[in-house]
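Reviewing the structure listed below.
The sequence lines fix the lettering, A, B, ..., with proteins before strands; numbering per chain opens at 1.
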2 protein chains.
Amino acid sequence: MSTDATTGLAAERHQRIRDLLRGQRVARVDELSEVLKVSPATIRRDLEELERHGVLQRVHGGAVASEGTPEEPLFDDKTSIAASEKEAIAEAALPFLGPRDTIYLDGGSTVLALARRLQCFPQLTVVTNSLRVAHAFSGTGPRVILAGGELRRLSQTFVGPLSRHVLASTNFAVAFVGTVGLSFADGLTTTDPAEAFTKELAIAHAQRVVLLSDSAKFGKTSLARFATASDLDVLITDRRAPAAELAQFRNADVQVIAV
Amino acid sequence: MSTDATTGLAAERHQRIRDLLRGQRVARVDELSEVLKVSPATIRRDLEELERHGVLQRVHGGAVASEGTPEEPLFDDKTSIAASEKEAIAEAALPFLGPRDTIYLDGGSTVLALARRLQCFPQLTVVTNSLRVAHAFSGTGPRVILAGGELRRLSQTFVGPLSRHVLASTNFAVAFVGTVGLSFADGLTTTDPAEAFTKELAIAHAQRVVLLSDSAKFGKTSLARFATASDLDVLITDRRAPAAELAQFRNADVQVIAV
DNA sequence: GACGAACATGCATGATGTTGCTCGTTTTTG
DNA sequence: CAAAAACGAGCAACATCATGCATGTTCGTC
């Protein structure tokens, strides 16, 4: 038992380095070495690996956060649940947009995972009502247009009647939306009527609608419906989605992708 | 922060030089040497490298910012100059709002300092076009309504014609605004016409207009005017503001507070 | 329960990068 | 035209880095 308290698991260190770098945009090797109670050599190896992942850039004496990393973390709620499925779903959504399109990005963690992949598309125009999407693009990335509205803290989105005006005067090639509940019979549902109102508007102004939803949403029905199965053009989910449901969507002319 | 006198990290120095050059468009070598606490030789090497990256152009005795770099100081509260003045100005603005008011908060670091003081007013309604303000209230605080629009990264605000709709359908008891340039003769000016457009709208829908501006803004005039002295009801600044200017504002029936 | 492979960590060493100083040259200023 | 300031190049001192090797731990396997 050489180390007290936390027997520094490498992944845990990496996470702490990311957190520290998010707060203060630069960090020195010996500073990290002291805080994390490991040798400078280990820190360098960590930085080397994190640089390969694009999280940071090494400089002599330490490292700086990569461009585009937000300065302060927004509280991470459910982004870690089913993270790998969400990432795979987001990856599968990429072929549905072109580099110069105008698209709509909804709130929700799966859509946020998609947004993170769009930082390298500067010619894209993103319309969104999500604070977290806007924040993800605050440093660099596509052109961002935010629909106004009242902040709903639970979902970190701007919703309600005030969002009507901006959404009414914009049109999108594709809308990428998430949902709380999803079934063929009851359609797509969410917990808040104001949120449903805004989603409905976005869908109405999109030429194509792509739903990103992990399999856990299937069979759930929430309070407010914002779309029916026939509104969808594409449904992207993971392999654990119930086959019977998927078949129904396919029959309704929805392109179904299960990653 | 354990930052003791900043033991180096070249990248950090480079960033600070860029920040300084954005505010004041020229910088002298020995001035930088004193501020950053390194030898003039090191400063010269830094300038040499930054010139290769096109950030600045060297001249005898120092360097000037390259063409195309915006003259607006970078939105960065950590390194921002006159942080204590900004805090004092924000504090002095508090008496101008009631706990149940609907108010407008502009972009800009001084207004952001005010926003941070409003987290304990849950019955307040805040209308804003600032991503940073929305982010400050993302966890808790007043009711937040965001005006839509296109993200302007430099100021981290949403501006332009799309902001018209929401602002046109809301009214505020007080609007707290910042500025880039300020003089009695030329009025209040900012660098971006789209930003000016949005500020102008907010001012038009406010019963009272309170300007928060540190003394460094006096005498500067930027591209786009968004208000004249007669639009102001209150001007809050710090003690180093030029007395002659302040007197003119007082004569125009503006309540002037110098903290 | 014991053994061995795989891995992570820490230390030592030669290599590389950075900094501040000196000195001769160039530029500005009066 | 001369004095003063600023500049660039080279050098020594120092910090940081990458690599190889030894140690300790965690598994899996028998």
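Counting heavy atoms from C-beta on, the side chains of Arg44(A) and Glu48(A) never come closer than 4.5 Å. Side-chain contact between Val38(A) and Ile43(A): present, with at least one pair of heavy atoms (C-beta onward) separated by less than 4.5 Å. Side chains of Leu114(A) and Leu94(A) form a contact here, defined as non-hydrogen atoms less than 4.5 Å apart. You'll find the side chain of Ile17(B) reaches within 4.5 Å of the side chain of Leu47(B), heavy atoms only. Two residues are said to be in side-chain contact when any heavy atoms from C-beta on lie closer than 4.5 Å; Val64(B) and Leu21(B) fail this criterion.
The CD atom of Glu12(B) sits 16 Å away from the C1' atom of dT19(C) (whole-angstrom rounding). Here the C1' atom of nucleotide dC7(C) and the CD atom of Glu49(A) are 13 Å apart, to the nearest Å. For Leu32(A) and dT9(C), the CG to C1' distance is 17 Å, given to the nearest whole Å. In this structure, Arg13(A) atom CZ and dA8(C) atom P are separated by 9 Å, rounded to whole Å. For Glu48(B) and dA9(D), the CD to P distance is 7 Å, given to the nearest whole Å.
Under 3.5 Å, the side chains of Glu195(B) and Thr157(B) contain a donor-acceptor pair of N or O atoms. Using a 3.5 Å distance cut-off with no hydrogens or angles, the side chains of Arg152(B) and Thr198(B) do not pair a donor with an acceptor.
Considering only residues two or more places apart in sequence or on other chains, Phe121(A) meets the ring pair (Phe, Tyr, Trp, His ring centres under 6.0 Å) condition with none of them. Listed by chain and number, the residues in a ring pair (Phe, Tyr, Trp, His ring centres under 6.0 Å) with Phe249(B) are Phe184(B) (sequence neighbours excluded). Looking at residues two or more places apart in sequence or on another chain, you find no ring pair (Phe, Tyr, Trp, His ring centres under 6.0 Å) involving Phe158(B).
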Short heteroatom pairs, N/O only, protein and nucleotides 5-8 of chain D, under 3.5 Å:
from, atom 1, to, atom 2, distance (Å)
dA6(D), OP1, Arg28(B), NH2, 3.3
dA6(D), O4', His60(B), NE2, 3.4
dA6(D), O3', Gly61(B), N, 3.4
dC7(D), OP1, Gly61(B), N, 2.5
dC7(D), OP2, Arg44(B), NE, 2.8
dC7(D), OP2, Arg44(B), NH2, 2.7
dC7(D), O5', Arg44(B), NE, 3.4
dG8(D), OP2, Arg58(B), NH1, 3.1
dG8(D), OP2, Arg58(B), NH2, 3.4

Please list, for nucleotides 20-25 of chain C, all pairs of protein and nucleotide N/O atoms separated by less than 3.5 Å.
from, atom 1, to, atom 2, distance (Å)
dG20(C), OP2, Ser39(B), N, 3.2
dG20(C), OP2, Ser39(B), OG, 3.2
dG20(C), OP2, Thr42(B), OG1, 2.4
dG20(C), N7, Arg45(B), NH2, 2.6
dG20(C), O6, Arg45(B), NH1, 3.4

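With axes fitted over five pairs at each extremity, the angle between the ends of the helix from dG1(C)-dC30(D) to dG30(C)-dC1(D) is 30° (10° resolution).
The main-chain N or O of Val133(B) is never found under 3.5 Å from a side-chain atom of Gln156(B) such that the two would form a donor-acceptor pair.
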